[in-house]
Number of protein chains: 4
Amino acid sequence: MGRREEKKRQKREAIESAGLELFLSQGYERASIEQIAASASIARGTFYLYYPTKLELFEALVDVWFEPLLKLLDEAEARLAISHTREESLAIYGEMTLGLATLGLNHESAVELAFRESRGGGEAGAAVRTRELRLQAASLRLTEVGAERGLITAPNPRLASLLILGAIERLFFEVLSDAEGLDDPLTLASGALAMLGNMLDLPTGIV
Amino acid sequence: MGRREEKKRQKREAIESAGLELFLSQGYERASIEQIAASASIARGTFYLYYPTKLELFEALVDVWFEPLLKLLDEAEARLAISHTREESLAIYGEMTLGLATLGLNHESAVELAFRESRGGGEAGAAVRTRELRLQAASLRLTEVGAERGLITAPNPRLASLLILGAIERLFFEVLSDAEGLDDPLTLASGALAMLGNMLDLPTGIV
Amino acid sequence: MGRREEKKRQKREAIESAGLELFLSQGYERASIEQIAASASIARGTFYLYYPTKLELFEALVDVWFEPLLKLLDEAEARLAISHTREESLAIYGEMTLGLATLGLNHESAVELAFRESRGGGEAGAAVRTRELRLQAASLRLTEVGAERGLITAPNPRLASLLILGAIERLFFEVLSDAEGLDDPLTLASGALAMLGNMLDLPTGIV
Amino acid sequence: MGRREEKKRQKREAIESAGLELFLSQGYERASIEQIAASASIARGTFYLYYPTKLELFEALVDVWFEPLLKLLDEAEARLAISHTREESLAIYGEMTLGLATLGLNHESAVELAFRESRGGGEAGAAVRTRELRLQAASLRLTEVGAERGLITAPNPRLASLLILGAIERLFFEVLSDAEGLDDPLTLASGALAMLGNMLDLPTGIV
DNA sequence: CATGAATGAGGTTTCATTCAT
DNA sequence: AATGAATGAAACCTCATTCAT
C-alpha cells in the first residue's frame, strides 16, 4: 500500500500550506525557506526534496488556480464563438462566471498571494506578471467576442476589460483583507455586478 | 549664505531620485543601500546622514505626494459639507479632481512605487497600507457626503469607492507599464471617466 | 548457486566503475554519492551496503593497482638481492618492467585518479600520499640494490628515483590528457626511455 | 598620510597569507572562507571586500609568481632569438635560470599551491591548468630556439621539455615536503642538473 | 560633513550519512 | 537486500548598519 507515498503527499501539502501562509504574511522575498521548513515541521534540507527552489514552490502555488482559470476562459471563448442564440451566449457567460467564482473561493489564499506579489520587483512578481499577460490576452479575446455578439456595448473592449479586472481585483482584495464596514461577500458581489453592468450598459437582469 | 544647505538639498534630492528609480526597478526589498548610494554618487555611510533607515527613505518618497493628497480630500470634504448649492458642490468636486490629477502627474513614479509595494509583505508594504487606510477613510467620507448631497446615486458608497479606486489603479498601472494596444493617456482617461460615470449614474457632462 | 553473489559482484563493479569515472571527471571532493549511485543505477542508500564511506570507495579504487604494484617491486627486490649474475639481474629488471607496464595499462584510469588526487588537500589526497610513501620506500630500496649490483651509475639513488618518477608521471599525465602535438604513446615511451637511460648512463640497448 | 591604506594593505596580506596556508594544508575545495577569515582575524563579510570570490583569491596567489615567470621565459626567448654567439646564448640561459630560481625561492608556498591543485577537478585545478598551457607553450618555444642554436641535442623538444618539467616539479615538490633522506637543496639541484644535462647530452660544465 | 572599511546575521543550497519501510 | 526520504551541518555570499578616520 502507498503508505510511503501517502506520507509524502501529506508532507508536500504541509510545505505548500506553510509556504502559502508565510508568503502571504511576510511576502515572498522575506519568507525564508528556514521558516517554511520549520512551519511544515521538516528539516531545511527536506524542503529541497519537494521543490528545487523557493520560486518553484511559489509558481506551483499560483498555478493551482491559474491554469484552471485560463482553461475556463478559453473554453468559454470557444463555446461563445460558435453559439447561435443570445440566450445560449448568456448561458455560457453565466456558467463561466460561476466557474470563476467557484475557483476563486476554493483558492482564496493562493489568489490573494498572486495579487500581492504581482507588482513586486523580484522573481515572484515576474512570475505572476508572465501569467497576467496570458490572462489579459484571454480576457481581451473574450470581451471582443462579447462585443461582436452584441452582448456588450463598450466602445473600447481593451479599456473595459482593464477597468473591470481592476475593480474586481480591488474588491476581491478588500474582502480578503477582512476590511470592516463591508457587507457580506454575496451582497457585495451582486452590488458590484449591478454597478459594473451599468458601466457596460448591460440591460439589468442579465447580469 | 545657504551655500552649505544648498548642497545638502541637492544631495538629498540625488538620494531620493536614486532611491525612487531603484525601488521601482528592483523592488524595495532587493534594492540595496549600496546601489542607491552609488547611483547618487555618495558613499554608503553618507546615506545615513540623510536618512536613518532604508524604510524612512521609502516613506519620505511616498509622503511627498500622499500628504498633499490627503489634504486635498479633507479640504474638499470640509468645503462640501458647508456648500449651499449644487453648482457650488460640483465646482468643489471639479477643483478637487483637478488637484488630484495634477498631483498624480507631478509624482508619477512615486505614486507607482506606492502601488507596486502596497501589497508586498515587508516593511514597505506595511508602510503603504497604513497610509492606504487613511486614504480609504477619507475617500469614504467624501463619497458619503456626495451621496448626502445627491451628487451620486450609488446605493453603497463604500463599494462604489472601492470599485473606482481599483479600476483607476489598474488603469494607471497599465498606462505606466507602457502596455501596448492602449490609446494615448488622455483618450483613455476620458473613456474611463465616461464608463465610470455610467457606473455611478452620473449625468454625462458632469464628469 | 552463486546467483546472489554474482549479482552483488556486478553491482559492486558498477559502483566502482561509476566512482572511478566521476572521481576523475569532477574530482573526489566534488563527486557526490548521489551522482555515483545514479550512475551505477542504484539507490543512494544501497551504496552504503557496499562501501561504508566515500573515502573507502576511493581507497578501494586505488588499491586495485597499488597493492599489486608494491608486490611487484618487493618481489623484484627480493629476487635481485639473491641474483648471481649480471644477466640474471637484468632479466629480473626486465620482468619487473613488463609487469609494471602491464599493470599500468590495465588500470589506466585508476592510476590517473591517484595521480590527480595525490596533491589534493582532502582525505583522498592524504590516502594517496600514505601509499606514495610506501612506494617511494620500495623504489628507493630497489634503486639501491641496483646500484650495489653495478646496474646503475647514478651517484645519488634517491635523487635519481625522484627524477625518474617525476618525469614518467608527467609524461603519463600528458598522454592521458590527450595533449596535442605529441607522438603516439609507443614512440614517446621509447624516446623517453632513451633519454632517461642517458641520464643514468645506461648502455643503450639495455633499456 | 595613507594610514587607512596601510591598514588595508596589511589586511589584504593577512588574507593572502591565511588563504595560502589554508589552501595548502586543506586543499582549495575544503578550505572555507570562514576559516580564512578567522585565520586572518577578520569577519566573514570582510573577506568579500578584498576578493569577490574564493577563486579570485586563489588566482591572485598563483599569479603573484606566474606572471613574472612567463615574463622571464618570454624575455629569454626574445633575447635568445637575436643572440649572436654561443657564449651570449649560454649567458642568457644562465640569467634566466637564476631568475627562475630566485622567483621560485621567493614564492615557495605559492608555487607549491599551484602544483598541488594543478590536477584537481574543481575550479582551482582548471585555473592552474589554464596557466599551465601558457607555460608549456612558452617552455616549448624556448626549447625549440635552444635546439636551433645547437645548444641542445634532444631530437624531440616537446618530449624533452615535458620530461624536464616533470622531473623538476617532482624534485621541487619533494624538497618542499621536507622529505627526509634528501641532501640540502643546493646539492640536490646541482646533482639534478648534472643528470638532466646528461639526458640532453649537454657537455658537462655548461650547466 | 563625508567616507568606506568592517561587521555578522541571515539567505539559499548541497551533501554525506542514517534509518524506517 | 534495497530503497529513498529525512536530516542538519556547513558552504558561499549579500546586506543594512556602525564607526574610526
Side-chain angles (χ1 to χ4, degrees), chain A residues 1-8 11-12 29-38 40-55 57 123, chain B residues 4-5 7-8 11 29-38 41-57 123, chain C residues 4-5 7-8 11 29-38 41-55 57 123, chain D residues 1-8 11-12 29-38 40-55 123:
Chain A
M1 287 151 268
R3 194 65 154 291
R4 200 73 158 267
E5 272 148 33
E6 174 61 17
K7 255 193 175 173
K8 262 209 104 170
K11 212 161 275 191
R12 176 178 291 271
E29 209 76 45
R30 291 179 92 84
S32 74
I33 292 201
E34 162 83 21
Q35 286 174 314
I36 295 173
S41 305
I42 57 172
R44 200 168 19 215
T46 307
F47 174 90
Y48 290 91
L49 296 178
Y50 292 84
Y51 289 99
T53 270
K54 194 165 77 154
L55 180 59
L57 168 59
E123 50 190 19
Chain B
R4 214 39 169 278
E5 272 149 33
K7 255 195 175 172
K8 267 205 89 167
K11 214 164 272 192
E29 210 76 46
R30 298 174 91 87
S32 71
I33 300 277
E34 161 83 22
Q35 287 173 310
I36 294 172
S41 305
I42 58 170
R44 217 187 350 269
T46 308
F47 174 90
Y48 289 90
L49 297 178
Y50 292 81
Y51 289 99
T53 274
K54 190 162 87 155
L55 180 59
E56 298 215 24
L57 167 60
E123 49 192 17
Chain C
R4 209 49 164 274
E5 274 149 32
K7 254 193 174 172
K8 268 205 91 167
K11 214 163 274 191
E29 209 77 46
R30 296 174 91 86
S32 71
I33 299 278
E34 161 83 21
Q35 287 173 310
I36 295 172
S41 304
I42 58 169
R44 210 175 10 258
T46 308
F47 174 91
Y48 289 90
L49 296 178
Y50 292 82
Y51 289 100
T53 274
K54 192 162 86 156
L55 180 59
L57 168 59
E123 48 191 17
Chain D
M1 288 151 269
R3 194 65 154 290
R4 201 71 158 270
E5 272 147 34
E6 174 62 15
K7 255 193 174 172
K8 262 208 103 171
K11 211 161 276 190
R12 175 177 292 270
E29 208 78 47
R30 292 177 92 85
S32 74
I33 292 200
E34 163 82 21
Q35 286 174 314
I36 295 173
S41 304
I42 58 170
R44 198 168 24 222
T46 306
F47 175 90
Y48 291 93
L49 296 178
Y50 292 83
Y51 289 100
T53 271
K54 194 164 77 156
L55 180 59
E123 48 191 20

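Chain letters run A, B, ... following the sequence lines, proteins first and then strands; every chain starts at 1.
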I need the [atom1]-[atom2] distance between [X] and [N], as an integer number of Å.
X       : N      : atom1 : atom2 : answer
C:Lys11 : F:dA1  : NZ    : C1'   : 8 Å
D:Glu34 : E:dG10 : CD    : P     : 15 Å
A:Arg30 : F:dT14 : CZ    : P     : 19 Å
B:Leu55 : F:dA16 : CG    : C1'   : 12 Å
A:Tyr51 : E:dT13 : OH    : P     : 15 Å
B:Glu56 : F:dA16 : CD    : P     : 15 Å
B:Gln35 : F:dA16 : CD    : C1'   : 13 Å

Student check: side-chain heavy atoms of A:Arg30 and A:Gln35 closer than 4.5 Å: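 Heavy-atom side-chain distance check fails, nothing below 4.5 Å.
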Most 5' of A:Thr53 and D:Lys8 on DNA chain E, judged by nearest nucleotide: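 The residue closer to the strand's 5' end, by nearest nucleotide, is D:Lys8.
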First encountered from the 5' end of DNA chain E, between C:Glu29 and A:Ile33: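 By nearest-heavy-atom nucleotide position, the 5'-most residue is A:Ile33.
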Base-pairing string, 5' to 3', of DNA chain E - Watson-Crick or wobble, under 3.5 Å, | interstrand: .||||||||||||||||||||
Would you be so kind as to tabulate the donor-acceptor pairs closer than 3.5 Å made by side chains of residues 44-54 of chain A, with sequence neighbours excluded?
| residue | atom | partner | partner atom | Å |
| --- | --- | --- | --- | --- |
| A:Arg44 | NH1 | A:Glu34 | OE1 | 2.3 |
| A:Tyr51 | OH | A:Arg12 | NH1 | 3.3 |
| A:Tyr51 | OH | A:Glu16 | OE2 | 2.4 |
| A:Lys54 | NZ | A:Tyr28 | O | 2.9 |
| A:Lys54 | NZ | A:Glu29 | O | 3.4 |
| A:Lys54 | NZ | A:Ala31 | O | 2.9 |

Shortest side-chain distance from C:Leu49, nucleotide among E:dT7, F:dA2, F:dA5: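 The answer is F:dA2, which lies nearest to the side chain.
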Nucleotide N/O to protein N/O under 3.5 Å, stretch nucleotides 19-21 of chain F:
none

Which residues share a side chain to side chain contact (heavy atoms under 4.5 Å, CB included) with A:Ala40, sequence neighbours left out: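 By the side chain to side chain contact (heavy atoms under 4.5 Å, CB included) rule, A:Ala40 matches A:Ala14, A:Ile15, A:Ala18, A:Ile42.
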